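First the proteins, then the strands, lettered A, B, ... as listed; each starts at 1. This structure is a prediction, so every number in the text was calculated from the model and none was measured.
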2 protein chains.
Amino acid sequence: MERGKVTSAQVAARAGVSQSAVSRVFTPGASASRKTIEKVRLAAAELGYRPNVLARAMVSGKSRIIGVVVAYLENQFYPLALERLSVALQARGYHILIFTAYNSIGEADAVVEEMMDYQVDGIITASVAISSTLANRAKTAQIPVVLFNRGQNDSGLPSVTSANVAGGRKAAEFLLAGGHDRIAHIAGWQGSSTGRDRQAGFLSALQEAGVAPFALIDGMYKRDIAMDCARDLIAGPTRPDAIFVGNDHMAFAVMDVLREAGLVPGRDISVVGYDDVPLSSWGAYDLTTIRQPVNRMVDATVEMIIDHIETPGATPQQIEIDSELQIRSSARIPEGWKK
Amino acid sequence: MERGKVTSAQVAARAGVSQSAVSRVFTPGASASRKTIEKVRLAAAELGYRPNVLARAMVSGKSRIIGVVVAYLENQFYPLALERLSVALQARGYHILIFTAYNSIGEADAVVEEMMDYQVDGIITASVAISSTLANRAKTAQIPVVLFNRGQNDSGLPSVTSANVAGGRKAAEFLLAGGHDRIAHIAGWQGSSTGRDRQAGFLSALQEAGVAPFALIDGMYKRDIAMDCARDLIAGPTRPDAIFVGNDHMAFAVMDVLREAGLVPGRDISVVGYDDVPLSSWGAYDLTTIRQPVNRMVDATVEMIIDHIETPGATPQQIEIDSELQIRSSARIPEGWKK
DNA sequence: CTGAAAGCGCTTACAG
DNA sequence: CTGAAAGCGCTTACAG
């Protein structure tokens, strides 16, 4: 029946109408008579015709493709976010062109440029920063950029994050309330806004309580680095009685190290993470953590990017989604606090 | 400097050459004089010109986009595969358009059709099956399809899987060698080739040993179903002394249930999984499992799809990558077997 | 090597 | 409502 690509012209010929008529039948909102619609639909079905999205994109200037830059897929938070992003965007008729990039801004920039080559309608960067130069290029090219789970204050770029400073504070307050006084922090990567903000919140709460941090180390969001940090922490003559870890992914590593050393998290040393990925609630870890509501963050991101696509003038916002403490058993529960 | 999109015509005007000359400078392999190249590169740089990939795709018929269908991103195996897939494809100048689909074939079909609308050069379906009708449409449209981690014998579609039957056998042989004789199987989804093959291998090894399976249940690759299965298994008057679980994702659930019931995996009940995702090696689980080498599977997939894209006539192959036993502590280690 | 021209498959004013 | 025509931004024979 169909050999190779079927075009609107072929459908037009078969239906006995003009090519423009075929186009109109497949263009939502365009006008066509009942009779034309019928003839065209029939011919299209017989031929197996479907409009070429790329051709449509060329003339309309809308590709309905959103570029998404990802990294850190080993941290369960991101695949989850990606999945929901994809589902939410698909539901609105957009699709995701994925690019992977790692830490360096240079790489992220290159990747974003490539995305622009594909005429994406918008760009979402998950946990990745781009240079202000490139942010400007995107702006002049009229391609909205939204940062997911990363802020970039200077850039004025729209972003969606959780309330990281407040979250860091909550972790500290919880640990303080639990009577800990040797609280270490294995921080999230200090080159990222999330890592810095969580640490800042944590430190300020400690300071207000007049407690000095037991130790402060950058765990870089990496499992093996976090393990090294944890080993160092428990090797010394005095140990911390609690560790606030910059994200769950590293907190699991810390708990593994503690247990290997015969220490029981929640009894011997309290561990608090950040993210509340599904694994945190699984029996093996049962991690107390600060929840980043991935659903709400994704929804806000989708809404924001579509908003910017549809109304080009829209003012960029930096949205912060509330983060809340999720109490489990990896850290001592203060009197009167409920699980 | 640049306002909106810069086109090759603008670059041509500035460089004082024809539009075709500009195109040639940006087309690898096309001929242009040294002088032309210089003038064009300069003008392009000044204007911030980059070729419109979509326009190129229209005329060349090559979009350099590969459509990837994913599901089950909660199973760590897939984000990992996706990441490597993306990196490998990016390195070869391709990019990934992601579509999410869940179990129903109808949905997968719809998604694959949408991909074809985007004129993708090829399609990779990860852990998802499509109808033979659609497979045929893809074939007539000359769009190669490769199944990743799923076979579909009847379809004759190219596929890359691990040696699931052999893997299932290995799990059984290991458990048998360990002296277990009440071996249960919480199987992978029986609607999938992986689930069926692993079970088939497992059963055949048991049968050869003259051992009847203690129980056989479809865990559907779902965490909560696996938990229910595990609870049922340990609730009865006699318990299994080993459980082979259809994938690691479910095996973690099983281990969580066992521990909650005060049972120690590897001592009271042996647990063997399938996949060897990173989490399996983490201290909290230390799961004995059958390794699916994701790197090699991805490499084979990439090679295969590119092969089919570049040489349209290529004969479809079903590649099976060896799977091997990874011994850890979640299951009793038979005398003389090494970790 | 280089330019003029056709064409990829569509959408969208423009007349009728 | 409908068709003829222009045009989206490129690549690629075709002459020169």
Side-chain angles (χ1 to χ4, degrees), chain A residues 2-41 43-44 47-65 116-121 141-143, chain B residues 2-41 43-44 47-65 116-121 141-143:
Chain A
E2 331 109 32
R3 62 254 181 272
K5 321 264 178 194
V6 182
T7 71
S8 59
Q10 291 171 42
V11 175
R14 181 170 193 114
V17 299
S18 72
Q19 183 270 329
S20 348
V22 175
S23 174
R24 285 194 193 97
V25 171
F26 284 92
T27 303
S31 61
S33 69
R34 183 186 270 288
K35 194 170 277 179
T36 301
I37 294 180
E38 268 173 21
K39 287 190 293 186
V40 168
R41 290 235 174 269
L47 260 25
Y49 169 75
R50 304 195 115 222
N52 180 329
V53 174
L54 260 32
R56 173 177 289 172
M58 279 251 33
V59 24
S60 69
K62 299 278 136 213
S63 62
R64 301 204 75 84
I65 298 178
M116 292 170 54
D117 297 347
Y118 276 95
Q119 313 299 118
V120 295
D121 288 344
Q142 316 251 48
I143 302 177
Chain B
E2 329 111 31
R3 64 251 181 275
K5 320 266 179 193
V6 182
T7 71
S8 59
Q10 293 172 39
V11 176
R14 182 171 193 112
V17 298
S18 73
Q19 183 270 329
S20 347
V22 175
S23 175
R24 285 193 193 95
V25 171
F26 284 93
T27 303
S31 61
S33 69
R34 184 186 268 290
K35 196 169 277 178
T36 302
I37 294 179
E38 269 172 21
K39 287 191 292 187
V40 169
R41 290 236 174 270
L47 260 26
Y49 170 74
R50 305 196 114 221
N52 178 329
V53 174
L54 261 32
R56 173 177 287 172
M58 279 251 32
V59 24
S60 70
K62 300 278 137 211
S63 62
R64 300 204 76 84
I65 298 177
M116 291 171 53
D117 297 348
Y118 275 95
Q119 311 301 114
V120 295
D121 288 344
Q142 315 251 49
I143 303 178

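In this structure the side chain of Arg41(B) reaches within 4.5 angstrom of the side chain of Phe26(B), judged on heavy atoms. For the pair Asn52(B)/Lys5(B), no side-chain contact is recorded, criterion being any heavy-atom separation below 4.5 Å from C-beta on.
In this structure, Asp117(B) atom CG and dT11(C) atom P are separated by 12 Å, rounded to whole Å. The nearest whole Å value for the distance from the NZ atom in Lys5(A) to the P atom in dC10(C) is 11 Å. Rounded to whole angstrom, the span from the CZ atom of Arg24(B) across to the C1' atom of dC10(D) amounts to 13 Å. Rounding to whole angstrom units, CG of residue Leu47(B) and P of dG9(D) are separated by 14 Å. For the pair Leu54(B) CG and dG7(D) C1', the computed distance is 16 Å after rounding to whole Å. Straight-line distance from the NZ atom of Lys35(B) to the P atom of dT2(C): 10 Å, rounded to whole Å. Residue Arg64(A) contributes atom CZ, which lies 17 Å from atom P of dC10(C) at whole-angstrom precision. As a whole-Å value, the separation of Gln119(A) CD from dG9(C) C1' is 16 Å.
You'll find that the side chain of Ala21(B) is closest to dG3(C), out of dG3(C), dT2(C), dT12(D). Ranking dC10(C), dT2(D), dC14(D) by closeness to the Tyr49(A) side chain, first place goes to dC10(C). For Met58(B), taking side-chain heavy atoms from C-beta onward, the closest of the listed nucleotides dC10(C), dT2(C), dC8(C) is dC8(C). Of all nucleotides listed (dG9(D), dC1(C), dA5(D)), dA5(D) comes nearest to the side chain of Gln19(A).
Within the nucleic acid shown, Thr27(B) comes within 4.0 Å of sugar-phosphate atoms alone, with no base atom in reach, counting heavy atoms only. Contacts of Ser31(B) with the nucleic acid, taken as non-hydrogen atoms under 4.0 Å apart, include base atoms.
dA13(D) is unpaired under the criterion used here, namely a Watson-Crick or G-U wobble arrangement in which both key atom distances are under 3.5 Å. In this structure, dA4(C) forms no base pair with any nucleotide, since neither Watson-Crick nor G-U wobble geometry is met with both distances under 3.5 Å.
Considering every non-hydrogen atom in both Val40(B) and Val17(B), the closest pair reads CG2-CG2, 3.9 Å.
Note: Met116(A) CE to Ile143(A) CD1 = 4.5 Å, rounded to the nearest 0.5 Å.
For the OP1/OP2 pair of dT2(D) and a distance below 4.0 Å, the side-chain nitrogens and oxygens of Ser33(A) include at least one atom meeting the criterion. For dC10(D), one of the phosphate oxygens OP1 or OP2 lies less than 4.0 angstrom from a side-chain nitrogen or oxygen of Ser8(B). Between dT12(D) and Ser23(B), no contact under 4.0 Å exists linking OP1 or OP2 to a side-chain N or O.
In this structure, Ser63(B) contributes its side chain and Gln119(B) its backbone to a donor-acceptor pair below 3.5 Å.
Remark on DNA chain C: of its neighbouring residues Val59(B) and Ser20(B), the 5'-side contact belongs to Ser20(B), judged by nearest-heavy-atom nucleotide.
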